[in-house]
Amino acid sequence: MNIDILNEELKLIIEQKKHVLGELGKYSDLSDKSLVLKKSNGIYQHYYRSADNDLEYIPAAKKDIAKRLAQKDYYEKMLTNLHGQEMAIKRFIVKYNCASVSKLYEKLSEGRKQLINPIIKSDADYIMGWYEKYRGSQNTYEKLSSYITNNGEEVRSKSEKILADLFHKYGVIYQYEPEITLYNGVKCYPDFALLNLKERKTYFWEHFGLASDSDYSEKNLAKILKYEKSGIKLGDNLIISVEANGSGLDLKLIEEKIEKHLL
(Lines give C-alpha, C1' and ligand atoms only; values in the text may rest on other atoms or scores of the structure.)
Protein backbone atom coordinates (compact mmCIF):
# COMPACT_ATOMS: atom_id res chain seq x y z
CA MET A 1 0.00 0.00 0.00
CA ASN A 2 1.40 3.39 -1.00
CA ILE A 3 0.48 5.86 1.74
CA ASP A 4 1.51 8.72 -0.57
CA ILE A 5 -1.49 7.90 -2.79
CA LEU A 6 -3.82 8.12 0.22
CA ASN A 7 -2.26 11.41 1.27
CA GLU A 8 -2.86 12.82 -2.21
CA GLU A 9 -6.48 11.62 -2.06
CA LEU A 10 -6.79 13.26 1.36
CA LYS A 11 -5.54 16.58 -0.03
CA LEU A 12 -8.09 16.36 -2.85
CA ILE A 13 -10.94 15.68 -0.42
CA ILE A 14 -9.92 18.62 1.79
CA GLU A 15 -9.87 20.91 -1.27
CA GLN A 16 -13.31 19.65 -2.30
CA LYS A 17 -14.63 20.33 1.20
CA LYS A 18 -13.35 23.90 1.03
CA HIS A 19 -15.09 24.37 -2.32
CA VAL A 20 -18.39 22.94 -1.07
CA LEU A 21 -18.28 25.07 2.08
CA GLY A 22 -17.72 28.13 -0.09
CA GLU A 23 -20.69 27.24 -2.26
CA LEU A 24 -22.91 26.59 0.76
CA GLY A 25 -22.24 30.13 1.90
CA LYS A 26 -24.36 31.31 -1.03
CA TYR A 27 -27.41 29.59 0.50
CA SER A 28 -27.25 31.01 4.02
CA ASP A 29 -30.77 32.45 3.61
CA LEU A 30 -32.07 28.87 3.24
CA SER A 31 -30.03 27.28 6.01
CA ASP A 32 -33.10 26.41 8.11
CA LYS A 33 -35.09 24.94 5.20
CA SER A 34 -34.99 21.67 3.28
CA LEU A 35 -36.70 20.57 0.07
CA VAL A 36 -39.54 18.05 0.05
CA LEU A 37 -40.87 16.50 -3.18
CA LYS A 38 -44.27 14.93 -3.66
CA LYS A 39 -45.58 13.37 -6.84
CA SER A 40 -49.19 13.79 -7.97
CA ASN A 41 -50.50 12.51 -11.32
CA GLY A 42 -46.93 12.07 -12.52
CA ILE A 43 -46.00 15.67 -11.71
CA TYR A 44 -43.61 16.67 -8.95
CA GLN A 45 -44.79 19.23 -6.45
CA HIS A 46 -42.25 21.18 -4.43
CA TYR A 47 -42.42 22.03 -0.73
CA TYR A 48 -39.99 23.19 1.87
CA ARG A 49 -39.82 22.12 5.47
CA SER A 50 -38.84 24.85 7.89
CA ALA A 51 -36.96 24.52 11.19
CA ASP A 52 -40.23 24.22 13.12
CA ASN A 53 -41.19 21.25 10.85
CA ASP A 54 -43.92 23.12 8.98
CA LEU A 55 -44.41 22.11 5.34
CA GLU A 56 -45.06 24.94 2.89
CA TYR A 57 -45.90 24.66 -0.81
CA ILE A 58 -43.60 26.26 -3.40
CA PRO A 59 -45.66 27.47 -6.37
CA ALA A 60 -44.38 27.09 -9.94
CA ALA A 61 -43.72 30.81 -10.10
CA LYS A 62 -41.15 30.38 -7.35
CA LYS A 63 -39.47 27.26 -8.75
CA ASP A 64 -36.07 28.93 -8.39
CA ILE A 65 -36.48 28.49 -4.63
CA ALA A 66 -36.91 24.73 -5.16
CA LYS A 67 -33.79 24.67 -7.34
CA ARG A 68 -31.74 26.52 -4.74
CA LEU A 69 -33.00 24.23 -1.97
CA ALA A 70 -32.14 21.14 -4.03
CA GLN A 71 -28.65 22.48 -4.67
CA LYS A 72 -28.19 23.37 -0.98
CA ASP A 73 -29.34 19.90 0.11
CA TYR A 74 -26.92 18.34 -2.39
CA TYR A 75 -24.01 20.39 -1.06
CA GLU A 76 -24.88 19.45 2.54
CA LYS A 77 -24.96 15.74 1.69
CA MET A 78 -21.74 16.10 -0.29
CA LEU A 79 -20.07 17.81 2.67
CA THR A 80 -21.16 15.00 5.02
CA ASN A 81 -19.86 12.38 2.57
CA LEU A 82 -16.54 14.14 2.08
CA HIS A 83 -16.08 14.54 5.82
CA GLY A 84 -16.71 10.81 6.29
CA GLN A 85 -14.15 9.95 3.61
CA GLU A 86 -11.63 12.32 5.17
CA MET A 87 -12.03 10.75 8.61
CA ALA A 88 -11.84 7.20 7.18
CA ILE A 89 -8.55 7.91 5.39
CA LYS A 90 -7.07 9.66 8.43
CA ARG A 91 -8.00 6.73 10.69
CA PHE A 92 -6.53 4.25 8.22
CA ILE A 93 -3.26 6.17 7.88
CA VAL A 94 -2.89 6.36 11.67
CA LYS A 95 -3.52 2.62 12.16
CA TYR A 96 -1.85 1.27 9.02
CA ASN A 97 1.65 -0.13 9.36
CA CYS A 98 2.81 -1.62 6.09
CA ALA A 99 5.88 -3.13 7.75
CA SER A 100 4.13 -4.88 10.65
CA VAL A 101 3.44 -8.15 8.79
CA SER A 102 6.93 -8.42 7.33
CA LYS A 103 8.47 -7.59 10.73
CA LEU A 104 6.51 -10.29 12.54
CA TYR A 105 9.01 -13.05 11.72
CA GLU A 106 11.99 -10.86 12.57
CA LYS A 107 10.63 -10.24 16.08
CA LEU A 108 10.53 -13.95 16.89
CA SER A 109 13.22 -15.61 18.99
CA GLU A 110 16.01 -17.39 17.13
CA GLY A 111 14.67 -20.72 18.38
CA ARG A 112 11.25 -20.10 16.84
CA LYS A 113 12.77 -18.79 13.60
CA GLN A 114 14.54 -22.13 13.15
CA LEU A 115 11.19 -23.93 13.30
CA ILE A 116 9.19 -21.62 11.01
CA ASN A 117 9.05 -21.16 7.25
CA PRO A 118 7.89 -17.52 6.99
CA ILE A 119 5.31 -16.47 4.41
CA ILE A 120 6.98 -13.08 4.00
CA LYS A 121 10.75 -12.80 3.77
CA SER A 122 12.67 -10.81 6.33
CA ASP A 123 14.12 -7.50 5.16
CA ALA A 124 17.60 -9.04 5.04
CA ASP A 125 16.43 -11.98 2.91
CA TYR A 126 14.40 -9.71 0.66
CA ILE A 127 17.37 -7.39 0.08
CA MET A 128 19.63 -10.33 -0.71
CA GLY A 129 17.12 -11.64 -3.26
CA TRP A 130 16.72 -8.17 -4.74
CA TYR A 131 20.48 -7.76 -5.19
CA GLU A 132 20.57 -11.13 -6.92
CA LYS A 133 17.75 -10.14 -9.28
CA TYR A 134 19.22 -6.73 -10.12
CA ARG A 135 22.94 -7.38 -10.34
CA GLY A 136 24.91 -4.19 -10.86
CA SER A 137 27.38 -3.14 -13.55
CA GLN A 138 25.98 -5.48 -16.21
CA ASN A 139 26.39 -3.04 -19.12
CA THR A 140 29.56 -4.06 -20.98
CA TYR A 141 29.53 -0.97 -23.25
CA GLU A 142 32.92 0.73 -23.05
CA LYS A 143 33.27 3.50 -20.46
CA LEU A 144 34.85 6.49 -22.18
CA SER A 145 35.34 8.09 -18.80
CA SER A 146 34.82 6.82 -15.28
CA TYR A 147 34.22 8.04 -11.74
CA ILE A 148 34.28 6.07 -8.51
CA THR A 149 31.31 6.51 -6.19
CA ASN A 150 31.42 6.59 -2.39
CA ASN A 151 29.99 3.07 -2.53
CA GLY A 152 32.85 1.85 -4.73
CA GLU A 153 31.10 1.54 -8.12
CA GLU A 154 32.71 2.73 -11.33
CA VAL A 155 30.20 4.94 -13.18
CA ARG A 156 30.33 6.72 -16.52
CA SER A 157 29.75 10.36 -15.59
CA LYS A 158 30.18 12.90 -12.83
CA SER A 159 26.40 13.29 -12.64
CA GLU A 160 25.92 9.54 -12.15
CA LYS A 161 28.47 9.70 -9.32
CA ILE A 162 26.54 12.57 -7.72
CA LEU A 163 23.32 10.56 -7.96
CA ALA A 164 24.90 7.39 -6.57
CA ASP A 165 26.50 9.32 -3.71
CA LEU A 166 23.11 10.85 -2.84
CA PHE A 167 21.50 7.41 -2.81
CA HIS A 168 24.31 6.22 -0.55
CA LYS A 169 23.91 9.27 1.71
CA TYR A 170 20.20 8.58 2.20
CA GLY A 171 20.71 4.84 2.70
CA VAL A 172 18.83 3.90 -0.46
CA ILE A 173 19.44 0.36 -1.71
CA TYR A 174 20.50 0.57 -5.36
CA GLN A 175 22.35 -1.09 -8.21
CA TYR A 176 24.15 0.66 -11.06
CA GLU A 177 23.31 -0.45 -14.60
CA PRO A 178 21.45 -3.70 -13.89
CA GLU A 179 20.20 -5.77 -16.82
CA ILE A 180 16.47 -5.88 -17.49
CA THR A 181 14.47 -7.30 -20.39
CA LEU A 182 12.00 -5.03 -22.20
CA TYR A 183 8.62 -6.03 -23.66
CA ASN A 184 10.21 -6.85 -27.03
CA GLY A 185 12.88 -9.14 -25.55
CA VAL A 186 15.68 -6.58 -25.88
CA LYS A 187 18.14 -6.28 -23.00
CA CYS A 188 18.44 -2.82 -21.45
CA TYR A 189 20.60 -1.25 -18.74
CA PRO A 190 18.90 1.58 -16.84
CA ASP A 191 21.26 3.87 -14.97
CA PHE A 192 20.00 2.70 -11.57
CA ALA A 193 17.60 0.21 -10.04
CA LEU A 194 16.52 1.29 -6.54
CA LEU A 195 14.57 -0.39 -3.77
CA ASN A 196 12.03 1.27 -1.52
CA LEU A 197 12.33 -1.31 1.24
CA LYS A 198 9.39 0.03 3.23
CA GLU A 199 7.06 -0.65 0.28
CA ARG A 200 9.23 -3.42 -1.21
CA LYS A 201 8.90 -1.66 -4.54
CA THR A 202 11.57 -1.36 -7.25
CA TYR A 203 12.14 1.94 -9.05
CA PHE A 204 14.35 2.70 -12.04
CA TRP A 205 16.22 5.98 -12.42
CA GLU A 206 17.42 7.34 -15.75
CA HIS A 207 19.60 10.41 -16.02
CA PHE A 208 19.50 12.41 -19.25
CA GLY A 209 22.61 14.58 -19.37
CA LEU A 210 22.29 16.11 -22.85
CA ALA A 211 18.64 17.13 -22.98
CA SER A 212 19.41 20.15 -25.17
CA ASP A 213 20.75 17.85 -27.94
CA SER A 214 17.79 17.06 -30.20
CA ASP A 215 19.11 13.66 -31.38
CA TYR A 216 19.90 12.62 -27.80
CA SER A 217 16.47 13.75 -26.58
CA GLU A 218 14.67 11.92 -29.38
CA LYS A 219 16.58 8.73 -28.60
CA ASN A 220 15.72 8.92 -24.92
CA LEU A 221 12.06 9.71 -25.52
CA ALA A 222 11.96 6.50 -27.54
CA LYS A 223 13.61 4.73 -24.59
CA ILE A 224 10.93 6.04 -22.22
CA LEU A 225 8.24 4.75 -24.58
CA LYS A 226 9.84 1.29 -24.55
CA TYR A 227 10.06 1.41 -20.78
CA GLU A 228 6.38 2.29 -20.46
CA LYS A 229 5.40 -0.58 -22.78
CA SER A 230 7.40 -2.79 -20.42
CA GLY A 231 5.54 -1.60 -17.31
CA ILE A 232 8.18 0.91 -16.20
CA LYS A 233 6.19 4.13 -16.18
CA LEU A 234 6.83 7.77 -15.39
CA GLY A 235 4.85 8.77 -12.35
CA ASP A 236 4.93 5.21 -11.03
CA ASN A 237 8.22 3.32 -10.97
CA LEU A 238 10.38 5.36 -13.36
CA ILE A 239 12.21 8.46 -12.10
CA ILE A 240 14.26 10.74 -14.35
CA SER A 241 16.72 13.57 -13.86
CA VAL A 242 17.74 15.97 -16.61
CA GLU A 243 20.63 18.25 -17.52
CA ALA A 244 20.86 20.66 -20.45
CA ASN A 245 23.19 23.40 -21.62
CA GLY A 246 23.23 26.06 -18.93
CA SER A 247 21.18 23.90 -16.56
CA GLY A 248 23.03 21.42 -14.38
CA LEU A 249 21.76 18.93 -11.83
CA ASP A 250 19.14 20.37 -9.51
CA LEU A 251 20.25 18.68 -6.29
CA LYS A 252 17.31 19.98 -4.28
CA LEU A 253 14.86 18.49 -6.79
CA ILE A 254 16.74 15.17 -6.80
CA GLU A 255 16.66 14.99 -3.01
CA GLU A 256 12.92 15.71 -3.07
CA LYS A 257 12.42 12.78 -5.47
CA ILE A 258 14.52 10.51 -3.24
CA GLU A 259 12.52 11.46 -0.16
CA LYS A 260 9.17 11.12 -1.95
CA HIS A 261 9.71 7.77 -3.69
CA LEU A 262 12.53 5.91 -1.99
CA LEU A 263 12.45 6.54 1.77
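In this text the structure is predicted, and so the values were computed from the model without any measurement.
Inspection of the Tyr141 and Glu177 side chains reveals no N or O donor paired with an N or O acceptor under 3.5 Å. Side-chain atoms of Gln175 and Tyr134 include no donor-acceptor pair closer than 3.5 Å. There is a side-chain donor-acceptor pair under 3.5 Å between Tyr176 and Glu160. Lys17 and His83 are linked by a side-chain donor-acceptor pair at a separation below 3.5 angstrom, with hydrogens and angles left out of the test. A donor atom on one side chain and an acceptor atom on the other are found under 3.5 Å apart for Ser146 and Glu154. Under 3.5 Å, the side chains of Ser50 and Lys33 contain no donor-acceptor pair of N or O atoms. Side-chain contact check for Ser159 and Glu243: at least one donor-acceptor pair (N or O, by modelled atom type) lies under 3.5 Å.
Rounding to the nearest 0.5 Å gives a distance of 6.5 Å between CD1 of Ile224 and CG of Leu238. Considering CD1 of Ile89 and NZ of Lys11, their distance stands at 12.5 Å, rounded to 0.5 Å. Interatomic distance, CG of Asp32 versus CG of Asp52, reported as 8.5 Å (0.5 Å rounding). Residue Ser40 holds its OG atom at 5.0 Å from CD of Gln45, rounded to the nearest 0.5 Å. Distance check: Thr140 OG1 to Glu179 CD gives 9.0 Å after rounding to the nearest 0.5 Å. Between Ile14 atom CD1 and Gln85 atom CD the span is 13.0 Å, to the nearest 0.5 Å.
Of the possible donor and acceptor atoms, none in the side chain of Ser31 sits under 3.5 Å from a partner among the backbone N and O of Tyr27. One N or O on the side chain of Tyr126 and one on the backbone of Arg200 form a donor-acceptor pair closer than 3.5 Å. Put simply, the side chain of Lys161 gets close to the backbone of Ile148: a donor and an acceptor are under 3.5 Å apart. Looking at Asn196, its side chain does come within 3.5 Å of a backbone N or O of Lys198 through a donor-acceptor pair. Side chain of Asn139 to main chain of Tyr189: no donor-acceptor pair is present (N/O by atom type, distance under 3.5 Å, no hydrogens or angles).
Using bins of under 30°, 30° to 60° and over 60° for the plane-to-plane angle, the ring pair His261/Tyr203 lands in the tilted bin.
A heavy-atom distance below 4.5 Å is not found between the side chains of Lys169 and Ile258. Looking only at side-chain heavy atoms (C-beta outward), His207 and Ile240 stay at 4.5 Å or farther from each other. Looking at His19 and Gln16, their side chains never come closer than 4.5 Å, going by heavy atoms from C-beta outward. Side-chain contact check for Pro178 versus Pro190: some heavy-atom pair is nearer than 4.5 Å.
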**Request:** Start with the C-alpha distance between Trp205 and Ser241, add both sets of side-chain angles, then the distance that settles side-chain contact (heavy atoms from CB on, under 4.5 Å), and finish with yes or no.
**Result:** CA-CA 8 Å; Trp205 191 303; Ser241 50; 2.9 Å; yes
**Asked** Between Leu253 and Lys257, does a side-chain contact (heavy atoms from CB on, under 4.5 Å) hold up when you go through it step by step?
**Response** CA-CA 6 Å; Leu253 180 58; Lys257 290 180 179 182; 4.1 Å; yes
**Message:** Does Ile173 form a side-chain contact (heavy atoms from CB on, under 4.5 Å) with Tyr131? I'd like the steps, not just the answer.
**Reply:** CA-CA 9 Å; Ile173 297 164; Tyr131 275 131; 3.4 Å; yes
**Asked** Does the side-chain contact (heavy atoms from CB on, under 4.5 Å) test come out yes or no for Glu142 and Leu144, once each step is laid out?
**Response** CA-CA 6 Å; Glu142 180 185 2; Leu144 300 179; 4.2 Å; yes
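Tyr183 and Lys226 get closest at one heavy-atom pair: CD2-O, 3.7 Å. Residues Val172 and Leu195 approach most closely at CG1-O, 4.3 Å, considering heavy atoms. Looking at every heavy atom in both residues, Ile58 comes nearest to Leu35 through CD1-CD1, 4.3 Å. A pairwise comparison of heavy atoms in Lys233 and Asn237 identifies N-OD1, 2.7 Å as the closest pair. Closest approach of Glu256 to Lys252, counting heavy atoms only: OE2-NZ, 2.7 Å. Nearest heavy-atom pair, Asp191 versus Glu206, reported as atom, atom and distance to 0.1 Å: OD2-OE1, 3.0 Å.
Linking ILVMFWY residues whenever their side-chain heavy atoms come closer than 4.5 Å, directly or via other members, places Tyr44 and Tyr48 in the same cluster. Met87 and Leu6 fall into different hydrophobic clusters, defined by Ile, Leu, Val, Met, Phe, Trp and Tyr side-chain heavy atoms under 4.5 Å apart, directly or through other members. At a threshold of 4.5 Å between side-chain heavy atoms, the hydrophobic network of Ile, Leu, Val, Met, Phe, Trp and Tyr places Leu12 and Leu82 in two separate groups. Under the 4.5 Å side-chain heavy-atom criterion for grouping Ile, Leu, Val, Met, Phe, Trp and Tyr, Leu163 is connected to Tyr170 within one hydrophobic cluster.
No close placement of the Tyr227 and Phe204 rings is indicated, their centers lying 6.0 Å or farther apart.
Contacts of Lys90 classified as salt bridge (Lys or Arg N to Asp or Glu O under 4.0 Å), with partners at least two apart in sequence or in another chain: Glu86. In this structure, the side-chain hydrogen bond (donor to acceptor under 3.5 Å, both in side chains) partners of Glu153, at least two apart in sequence or on a different chain, are Thr149, Asn151, Tyr174.
A salt bridge does not link Asp64 with Arg68: none of the charged nitrogens is closer than 4.0 Å to a carboxylate oxygen.
Within the hydrophobic cluster formed by Ile, Leu, Val, Met, Phe, Trp and Tyr side chains joined at under 4.5 Å, directly or through other members, Val36 is accompanied by Tyr47, Leu55, Tyr57.
With Tyr147 as the aromatic partner, Arg156 does not meet the cation-pi criteria of under 6.0 angstrom to the ring centre and within 45 degrees of the ring axis.
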